[in-house]
Structure formats: structure tokens, C-alpha cells
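What follows is one structure encoded as C-alpha cells, with my remarks underneath.
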Amino acid sequence: MTPMELIQERQRRRLKALSRMTDDLAWLIGQPAGRVGWTGTQRGLVEMVHLVWQQRRLVDTQGCPYTQAQLAREAFAAVGRRVPGSLTRIVGDLAERVSDDCSMLSRYERLDGEDNILNHFITYNTL
């Protein structure tokens, strides 16, 4: 592959991972509170919310794009957790990461061939 083809392939994989992540977060916030539990890190869920929010694809009941705070409230409520008070600090810390290997986006890219990536980060609770 030429360098340009490598860049294009990387971009294609990134967009596919972001699309799947967006679909997964949309499913997650549609779950009744406490139906699922988050087994990943708090930072991972914050990162997922942030990346999906940047896509501006999810909209509320009025058809307006979710704010980052709205997405965080709904995502954390769905998994029975409180939104961290330092949401913006956590998002800022993500940019300071030495390596992207453990980022949610990298994980989604690595798990691309799997049917349900979100199952790596959640458990199903009985109601």
C-alpha cells in the first residue's frame, strides 16, 4: 500500500469504529436505568461519551444534538452510576495520554470483527 492508501485505510477504520461506538451508546442510553452495568473504567465511559458527542449524530426528543453533559447523564444513569463531577477534567486528561493503545477508539478498532463490541464493557443485570 502507498502511504496515502494507508492513511485512507486508517481513516476508514476510525470512522467505522466511531459509527459502531455511536450506535452502541445510543443503545446504552435507551436501556432502563440499572438494566446493564458498566465493567469498563469510568474514564472509558467518559471517553466514549465524549467521542460520540463530537460526532453530533445522537439527538434528543426535540431533534437537537445532545450536549456532552446530557449524554453523560443518560449513559451513567443507564449503568447505575453517578456522572463524575470532574467530567471536563477527565476529558482533558484523555488528551494527555502517552499512548492511544488503551483508548476506547483503539479498542473498538481492534475488536472490529466482533458482533457485539459493547459486551466487552457491560454486564446484563436482572431486574
Side-chain angles (χ1 to χ4, degrees):
M1 280 191 173
T2 67
M4 181 55 81
E5 289 171 333
L6 290 172
I7 292 169
Q8 290 170 337
E9 177 61 20
R10 170 82 171 121
Q11 183 67 13
R12 185 196 64 73
R13 283 195 325 268
R14 177 181 167 81
L15 291 174
K16 184 177 180 184
L18 284 170
S19 179
R20 287 190 72 179
M21 189 181 296
T22 301
D23 292 344
D24 284 350
L25 191 64
W27 177 87
L28 184 66
I29 66 176
Q31 299 306 300
R35 174 100 196 323
V36 295
W38 185 257
T39 59
T41 64
Q42 173 180 278
R43 178 184 251 188
L45 186 54
V46 167
E47 181 179 10
M48 187 176 191
V49 164
H50 179 69
L51 290 169
V52 169
W53 168 73
Q54 287 181 319
Q55 303 306 303
R56 305 282 198 269
R57 282 189 35 216
L58 297 184
V59 295
D60 62 18
T61 55
Q62 279 82 41
C64 298
Y66 276 99
T67 66
Q68 184 169 250
Q70 285 174 306
L71 271 179
R73 274 192 306 274
E74 293 202 22
F76 277 84
V79 298
R81 291 192 183 183
R82 289 182 327 128
V83 177
S86 56
L87 190 65
T88 54
R89 183 188 55 76
I90 294 170
V91 169
D93 288 349
L94 295 172
E96 300 296 320
R97 195 184 280 140
V98 174
S99 169
D100 283 336
D101 287 346
C102 60
S103 75
M104 287 299 284
L105 186 56
S106 292
R107 291 175 187 183
Y108 264 73
E109 287 176 359
R110 281 193 306 271
L111 296 168
D112 179 46
E114 298 199 19
D115 289 334
N116 193 335
I117 295 173
L118 192 59
N119 278 344
H120 286 267
F121 308 105
I122 62 169
T123 57
Y124 294 90
N125 300 326
T126 57
L127 295 178

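- Here the CZ atom belonging to Arg43 is positioned 13.0 Å from the CG atom belonging to Leu45, to the nearest 0.5 angstrom.
- Using a 4.0 Å cut-off between charged side-chain N and carboxylate O, Arg57 and Asp23 make a salt bridge.
- Formation of a donor-acceptor pair under 3.5 Å by the Glu47 side chain with backbone atoms of Met104 is found in this model.
- When hydrophobic clusters are built by joining Ile, Leu, Val, Met, Phe, Trp and Tyr residues whose side-chain heavy atoms come closer than 4.5 Å, directly or via intermediates, Ile7 is not grouped with Met1.
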Stepwise side chain to side chain contact (heavy atoms under 4.5 Å, CB included) test for Lys16 and Tyr108 = CA-CA 9 Å; Lys16 184 177 180 184; Tyr108 264 73; over 6 Å; no
List the steps and the verdict of side chain to side chain contact (heavy atoms under 4.5 Å, CB included) for Ile122 and Trp27.
-> CA-CA 12 Å; Ile122 62 169; Trp27 177 87; 3.8 Å; yes
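- Inter-residue side-chain proximity for Pro65 and Trp53 is flagged as unmet; no heavy-atom pair is nearer than 4.5 Å.
- Distance alone, capped at 3.5 Å, is enough to place a donor-acceptor pair between the Gln70 side chain and the Thr67 backbone.
- Crowding of Arg56 atom CZ: a count of heavy atoms from other residues, nucleotides or ligands under 6.0 Å exceeding 12.
- Residues Leu94 and Val83 do not share a hydrophobic cluster, clusters being chains of Ile/Leu/Val/Met/Phe/Trp/Tyr side chains in contact below 4.5 Å.
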Are Ser106 and Ser103 close enough, and set up right, to give a side chain to side chain donor-acceptor pair (under 3.5 Å), and what steps lead you there?
-> CA-CA 5 Å; Ser106 292; Ser103 75; 3.1 Å; yes
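- To the nearest 0.5 Å, atom CZ of residue Arg73 and atom CZ of residue Arg82 are 14.0 Å apart.
- In this structure, Tyr124 is a member of the same hydrophobic cluster as Phe76, with clusters built from ILVMFWY side-chain heavy atoms closer than 4.5 Å.
- Scanning all heavy atoms of the two residues, the minimum distance from Gln68 to Val49 falls at O-CG1, 3.8 Å.
- Gln11 CD to Glu9 CD: the interatomic distance, rounded to the nearest 0.5 Å, is 10.5 Å.
- In this structure, the side chain of Asp60 does not engage the main chain of Tyr66 through any donor-acceptor pair within 3.5 Å.
- Taking the six-membered ring where the residue is Trp, Phe121 and Trp38 present parallel rings, their angle staying beneath 30° rather than reaching 60°.
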Tell me, with the steps shown, if Leu87 and His50 meet side chain to side chain contact (heavy atoms under 4.5 Å, CB included).
-> CA-CA 10 Å; Leu87 190 65; His50 179 69; over 6 Å; no
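- Considering only heavy atoms from C-beta on, Arg107 stays 4.5 Å or farther from His120 through its side chain.
- With Val79 as the partner, the side-chain contact (heavy atoms from CB on, under 4.5 Å) test is satisfied by one option alone out of Ile29, Asn125, Val36, Thr123: Val36.
- Taking CG of Leu105 as the start and CE of Met21 as the end, the distance is 5.0 Å to the nearest 0.5 Å.
- At a threshold of 4.0 Å, the pair Arg20-Glu109 does not count as salt-bridged, since none of the basic side-chain nitrogens sits closer than that to a carboxylate oxygen.
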Trace of the side chain to side chain contact (heavy atoms under 4.5 Å, CB included) decision for Arg81 with Gln42 = CA-CA 9 Å; Arg81 291 192 183 183; Gln42 173 180 278; 4.1 Å; yes
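- When atom types are taken as modelled, the side chain of Thr22 and the backbone of Leu18 share a donor-acceptor pair closer than 3.5 angstrom.
- A donor-acceptor pair under 3.5 Å is absent between the side-chain atoms of Glu74 and the main chain of Leu71, judged by distance alone.
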